[in-house]
Amino acid sequence: LKVTGFSEYLHPVGDHRLLGIGPEADESGQITGYQASLFDVNDPSAPKQLSRLELTQGRSSQSLQYDPHAFLYWAKTGLAVVPVSNGGDFPEQTVAPCLPNANCVTASVPSSEPDAIGIAVTETLSQLGTITHARSNSYQYQYSSAISRSVVVGDALYTIGSNGVLKSNLADLVAGPFLTFPNNDQP
């Protein structure tokens, strides 16, 4: 099996199927983004790539290589939730550190960059939707809105990041309420 890029994380997604997540690369080996691949491993000596889905472009990174618990596969619906981060690419703002005992104000700022991508895993891979947590312009949180855990409760998907919890519809990942964690650097 010859593919561009490689899988940093492999997860079983059914009989003789593996979902691989990792960097995509061009023919010269230069990383161009991240991808998901679905493999048929019925014959371990001759695995086959059944489907491939581009997750991010550019120099993006994802946290699975450091924390495999950040990944969620929900077999009942075939949903995989893959956390992604873009290395701190936030809307242009002047951000200063919040000094101890200072009256600092933080505000959520919108971002178009997703924190996670929902993948529908069937015989192929398709993007179900994206999940984006609110951003804070607090220095403490500017690089830390990435999703660290996901959990399904009933018909809802809850994604947990360092700055809060987002409830999304399990079927289509439409965002619901976002609960912001208290800012610990404020009195």
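Only heavy atoms go into these numbers, but all of them, side chains included; no hydrogens, no water, no symmetry mates.
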I need the minimum non-hydrogen distance between [X] and [Y], along with the two atoms involved.
X: Ser7; Y: Phe39; value: OG-CE1, 3.9 Å
X: Pro177; Y: Leu166; value: O-CD1, 3.5 Å
X: Leu125; Y: Val121; value: CD2-CG2, 4.0 Å
X: Leu19; Y: Ala80; value: CD2-CB, 3.8 Å
X: His133; Y: Thr159; value: NE2-OG1, 2.8 Å
X: Ile147; Y: Arg149; value: CG2-O, 3.4 Å

- Item | Asp172 atom CG: more than 12 heavy-atom contacts under 6.0 Å | yes

- Task: May I ask you to check whether over 12 heavy atoms, not counting those of Asp155, lie within 6.0 Å of atom CG?
- Result: no

Could you see if [X] belongs to whatever hydrophobic cluster contains [Y]? Use Ile, Leu, Val, Met, Phe, Trp, Tyr and a side-chain cutoff under 4.5 Å.
X: Val165; Y: Val153; answer: yes
X: Leu50; Y: Val41; answer: no
X: Leu10; Y: Tyr73; answer: no

- Query: Among Ile117, Ile119, Leu79, which residue meets the side chain to side chain contact (heavy atoms under 4.5 Å, CB included) test with Leu128?
  - Reply: Leu79

As an exercise, state the distance from [atom1] of [X] to [atom2] of [Y], rounded to the nearest 0.5 Å.
X: Ser168; Y: Ile131; atom1: OG; atom2: CD1; result: 5.0 Å
X: Lys48; Y: Asn42; atom1: NZ; atom2: CG; result: 8.0 Å
X: Phe6; Y: Ile21; atom1: CZ; atom2: CD1; result: 13.0 Å
X: Leu53; Y: Tyr34; atom1: CG; atom2: OH; result: 15.5 Å

Is the shortest heavy-atom distance from the side chain of [X] to the side chain of [Y] under 4.5 Å?
X: Tyr9; Y: Asp67; result: no
X: Val81; Y: Trp74; result: no
X: Ser51; Y: Glu123; result: no
X: Leu72; Y: Leu157; result: yes
X: Leu55; Y: Val82; result: yes
X: Leu18; Y: His11; result: no

- Query: For Asn163 and Phe178, what are the C-alpha separation, side-chain angles and deciding distance, and is it a side-chain contact (heavy atoms from CB on, under 4.5 Å)?
  - Reply: CA-CA 10 Å; Asn163 61 346; Phe178 183 80; 4.0 Å; yes

- Message: Side chains of Glu24 and Thr4: any donor to acceptor distance under 3.5 Å?
- Response: yes

- Cut-off 3.5 Å, side chains only: do Ser37 and Gln35 have a donor facing an acceptor? yes

- Do Leu38 and Val13 pass the side-chain contact (heavy atoms from CB on, under 4.5 Å) test, and can you show the C-alpha distance, the side-chain angles, and the key distance before you say yes or no? CA-CA 9 Å; Leu38 182 62; Val13 292; 3.6 Å; yes

For the pair [X] (side chain) and [Y] (backbone), establish whether a donor and an acceptor sit closer than 3.5 Å, ignoring hydrogens and angles.
X: Ser148; Y: Ile160; answer: yes
X: Thr56; Y: Gly33; answer: no
X: Asp26; Y: Gln30; answer: yes

